[in-house]
Structures are given as structure tokens and as C-alpha cells.
Protein chains: 2
Amino acid sequence: MPRPSLKDQRSAEILDAYLTCVAQFGLEGATQDRIAAQAQVKRPLLRHYLGNRDQMVAALNDHVINTFNAKTRDLVQALDTVETPLALVDLLFVDTKEHDPRLLLAWQALTATAPEHPDRGAALLDSLDQFLIALTDTLRRLAPEATPATLRAVAQGISSAFVTLDSLSPLAPPPNWRAELRQAALLLTRCLEDAA
Amino acid sequence: MPRPSLKDQRSAEILDAYLTCVAQFGLEGATQDRIAAQAQVKRPLLRHYLGNRDQMVAALNDHVINTFNAKTRDLVQALDTVETPLALVDLLFVDTKEHDPRLLLAWQALTATAPEHPDRGAALLDSLDQFLIALTDTLRRLAPEATPATLRAVAQGISSAFVTLDSLSPLAPPPNWRAELRQAALLLTRCLEDAA
DNA sequence: CCATTTATTGTCATTTTTGACAAATAATGA
DNA sequence: TCATTATTTGTCAAAAATGACAATAAATGG
């Protein structure tokens with residue numbers, strides 16, 4: 001009997017616009033006016049759907065972590081069908097259509113506020129840890145002989161190269177940097193084969 | 001005959017306080033009030049020494065790039081006395097007394113504004129490239145047989161691990177992450193020895 | 001002591017950003 | 001049609017941040 005609610009859809013649209021602004025202007029630079037313009041809505045709607053500023057930041061934090069974790073789960077699915085380290089690396093560094101740098105840029109922007117919001121910081125750290133665990137598990141399957149310490153080190157190295165690539169995107173680095181970071185990840189996987 | 005100028009010293013102090021605030025609150029969150037409080041001066045002094053907001057950001061950009069480049073030059077000096085890959089890695093990942101995470105955090109915060117200020121972005125990219133070149137040169141000396149492409153890839157991998165470490169610092173990651181990233185860098189250097 | 005230059009502080013107006021609420025519009029079921 | 005609920009917009013006040021300028025204090029050379 002009431003009017004049907006668009007809350008979920010509109011909230012998602014606004015969060016996406018928020019994400020864009022944070023990636024572009026930083027967390028404090030993402031003003032409500034900019035978000036509203038990006039989302040093509042009037043400013044009071046932001047409050048209607050997401051609440052005041054603190055609640056908006058909290059909502060963004062949840063959104064970033066949720067989609068990051070979802071991406072990790074998708075990656076796990078894709079990784080399960082992977083049989084070679086090369087395929088794993090290409091999944092991260094070549095198949096770049098799916099990956100949207102805004103997510104990691106916002107992740108980093110939120111990271112800066114972690115000292116003031118320990119709960120948020122813990123969730124951010126955990127989301128990255130899930131990604132590392134997914135990488136480590138896959139690497140273990142591909143190289144069962146490698147020691148746990150080596151597997152973790154390789155996963156950390158690949159992860160850092162992957163994260164660095166997104167964090168550099170605003171600088172428009174020369175294209176060979178992507179190739180070089182991919183190559184670094186590939187070299188790390190070779191270390192596992194040597195151990196086997 | 002005039003009163004002696006403290007401009008250089010005061011400017012440096014204020015820039016250091018600015019750096020602290022940007023690392024903590026982001027570029028847009030580093031308000032003049034916070035900077036003044038951090039520097040223990042009155043707000044109008046910021047304007048007196050560094051100018052208006054845009055000029056302050058430009059000054060910070062120069063400061064970050066200059067000190068980053070200075071750190072790179074110091075590193076080159078230290079690297080010249082290094083004879084093993086292990087020593088190189090420990091210089092970056094263990095001898096952490098010298099390194100102050102604020103610098104790279106501010107570097108990343110400024111990076112986000114690069115699309116709007118291409119000149120700043122170019123300078124930021126160049127400062128990172130200098131660091132990469134320094135790493136590559138040292139690696140070439142330690143492993144003359146390695147191909148140029150491999151040297152660059154290893155340098156990129158080490159650099160990304162190093163940068164990641166600082167960017168995670170607000171999250172207070174578990175200490176073994178540092179060890180794992182160091183190990184990843186170490187494994188990359190092993191790839192050079194294999195090639196030789 | 002005097003003149004000159006700089007450091008430092010005080011203060012105000014303007015702009016930007018946010019918070020909050022009221023009113024209007026639209027859609028659905030009864 | 002009517003009542004109900006949700007969406008959307010309009011508007012105002014408060015707070016935060018910046019820009020700009022005047023005025024005072026301090027130090028140096030002559």
C-alpha cells in the first residue's frame with residue numbers, strides 16, 4: 001500500500017558517486033555538493049538516504065569493504081579454475097576490465113582515518129587479509145612443496161604490486177610500469193617453482 | 001639593518017606540521033587551524049610564510065618531492081657501499097629508523113590531485129622514477145648478467161613492497177607483514193642471481 | 001636613539017559546508 | 001477517490017574554513 005521504496009537502489013547510486021568523489025578528491029574533499037552533483041541528485045537526498053556526514057563515511061566504509069570482499073570472493077572462484085602461476089598473474093594484471101581503481105583509492109583514503117576509528121581500521125585490514133589468504137591458498141595449491149612462509153611472502157609481494165598499480169593510476173604512469181609490476185609478480189611465482 | 005629573517009626555518013617548521021596533518025587527515029582535511037595548532041603558531045603566520053591555500057599546497061608538493069629526492073640521493077650513497085642484495089633489502093626494510101611514513105602518505109595524498117594539476121603529477125611520478133632508477137642501478141651492479149627488463153621488474157617489485165609498507169602504517173598491521181614484504185623483496189633479488 | 005625590515009598577533013568579511021526541517025510531488029492499495 | 005507512505009525539492013540557520021588587512025612587537029644597522 002505504500003509507495004515502493006527505491007532506498008536500496010538510490011543508496012547504491014549515491015554510494016557509487018561518493019566513491020568516485022573520494023577517489024578523485026580524497027575523503028575530506030568529497031563534499032556533499034560534489035557527491036550530489038556526481039550522483040545528479042539534490043543535496044538533501046544524501047541525508048535522506050545515508051544520514052549525516054559521519055553516517056555517510058561509515059556507509060562508505062562498509063560499502064568499500066563489502067565490495068572489496070565480494071571482489072575477493074569472485075577472485076577465489078576464478079582462481080579455482082587456474083592451473084598455472086601465469087594464469088593467476090594475468091588474472092590480476094591483464095584482465096583489468098573488471099577492476100576499478102576507485103575502490104583501492106577509497107580504501108587508502110579511509111585507511112588514513114584508521115587511527116581515529118580503530119573499528120574501521122580493523123575491518124579494512126581484515127579485508128586486505130582476506131585477499132592475501134585467497135592468494136596464498138591458490139599459490140599453495142599450485143606449489144604444494146613451498147613452505148608456508150614463502151607462500152605468504154609471495155602473496156604479499158603480488159598483492160603489493162597489485163595495489164601499487166591502482167594507487168598510481170591518477171599519475172597516468174607509462175604503460176610499461178604495468179608490465180614491469182606484472183613481471184615482478186611473475187618472478188615471485190617462479191620462486192615457488194624453484195622450491196618445489 | 002633589517003631584522004634577520006627566519007623565513008627558511010619557520011617555513012620548514014610549518015611545512016613539517018603541514019606534512020603531519022596531511023598524513024593524518026588527508027590533503028583536504030589538513031585545515032589551516034589544524035596546521036597552525038600542530039606547528040604551535042597562529043593561523044595568519046601560515047599565510048605570511050607560505051601564502052594562500054593553493055600556494056601552500058604547491059609548497060607542500062615541492063617539499064615532499066624535494067625531501068623524497070633527497071632521501072633517494074642518500075639512499076644512492078648508502079647503496080654504493082652495499083655488496084649484497086641482502087644488505088640492500090635490509091637497508092629498505094629493517095633500517096627503518098630513518099624512514100618516516102608521513103612522506104609517502106603525503107605523496108599519495110598529493111597523487112590524488114594529479115588529474116587536476118598535471119605538472120604536480122609529473123613531478124611526483126618523476127620522483128618515484130628516480131627512486132626506481134637508483135634501485136635499478138644498484139641491482140645492475142650486483143647482478144651485471146641480468147637483463148635490463150628483469151632488473152626493472154625486480155626494482156618495481158621491491159619499490160611497491162616498500163611503498164605498501166608505509167601506506168599500511170595507519171592500520172598498524174601485524175609485525176610479520178613487514179617481515180613478509182621484506183622476504184618478498186629478498187626473493188625478487190634471488191631471481192637476479194638465478195639469471196647470472 | 002632612529003629608521004627599516006621582519007615577526008607576530010588580532011580581527012573582520014566572505015565563502016564554503018553542513019545540519020535540519022518543512023513542503024510538495026508521486027505512487028500504491030484499499 | 002482517498003489515505004498512506006516514500007521520494008524529491010526548497011529553504012534557512014549554524015558552523016567551519018579561508019582571505020585579507022591592520023596593528024603591535026622585536027631586532028638590526030646606522
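Small disclaimer: the values here were computed from a predicted structure and weren't measured. Just so we're on the same page: letters track the sequence lines, and every chain starts at 1.
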Regarding A/Arg34 and the six-membered ring of A/Phe25, is the cationic atom NZ or CZ under 6.0 Å from the ring centre and inside 45° of its axis? yes
Side chains of residues 100-116 of chain B: which donor-acceptor partners sit under 3.5 Å, not counting sequence neighbours?
unit_1	atom_1	unit_2	atom_2	d
B/Asp100	OD1	B/Arg102	N	2.8
B/Asp100	OD1	B/Arg102	NE	3.1
B/Asp100	OD2	B/Arg102	NE	3.2
B/Asp100	OD2	B/Arg102	NH2	3.0
B/Arg102	NH1	B/Asp16	O	3.3
B/Arg102	NH1	B/Asp16	OD1	3.4
B/Arg102	NH1	B/Asp16	OD2	3.4
B/Arg102	NH1	B/Thr20	OG1	2.6
B/Arg102	NH2	B/Asp16	OD1	3.1
B/Trp107	NE1	B/Ser127	OG	3.1
B/Thr111	OG1	B/Trp107	O	2.8
B/Thr113	OG1	B/Leu110	O	2.9

Atom CZ of B/Arg10 to atom P of D/dA26: distance rounded to whole Å? 14 Å
Check DNA chain C against residues 16-32 of chain B and give the residues with a non-hydrogen atom under 4.0 Å, in numerical order. none
Which ring pair (Phe, Tyr, Trp, His ring centres under 6.0 Å) pairs, counting each pair once, include a residue from residues 125-146 of chain A, with sequence neighbours left out? A/Phe131-A/Phe162
With side chains defined as the heavy atoms from C-beta onward, is the minimum distance between B/Gln9 and B/Glu13 less than 4.5 Å? yes
Taking the side chain as C-beta and beyond, is there a heavy-atom pair between B/Leu75 and B/Thr138 under 4.5 Å? no
What pairs meet the salt bridge (charged side-chain N to carboxylate O under 4.0 Å, His left out) rule with one or both residues in residues 46-58 of chain B, with sequence neighbours excluded? B/Glu28-B/Arg53
If you take any heavy atom closer than 4.0 Å to DNA chain D, which residues from residues 33-61 of chain B end up in contact? B/Arg43, B/Arg47, B/Asn52, B/Arg53
Please, which pairs that meet ring pair (Phe, Tyr, Trp, His ring centres under 6.0 Å) have at least one residue in residues 167-192 of chain A, sequence neighbours excluded? none
Pair B/Thr164, B/Ser167: side-chain N/O donor-acceptor within cut-off below 3.5 Å: no
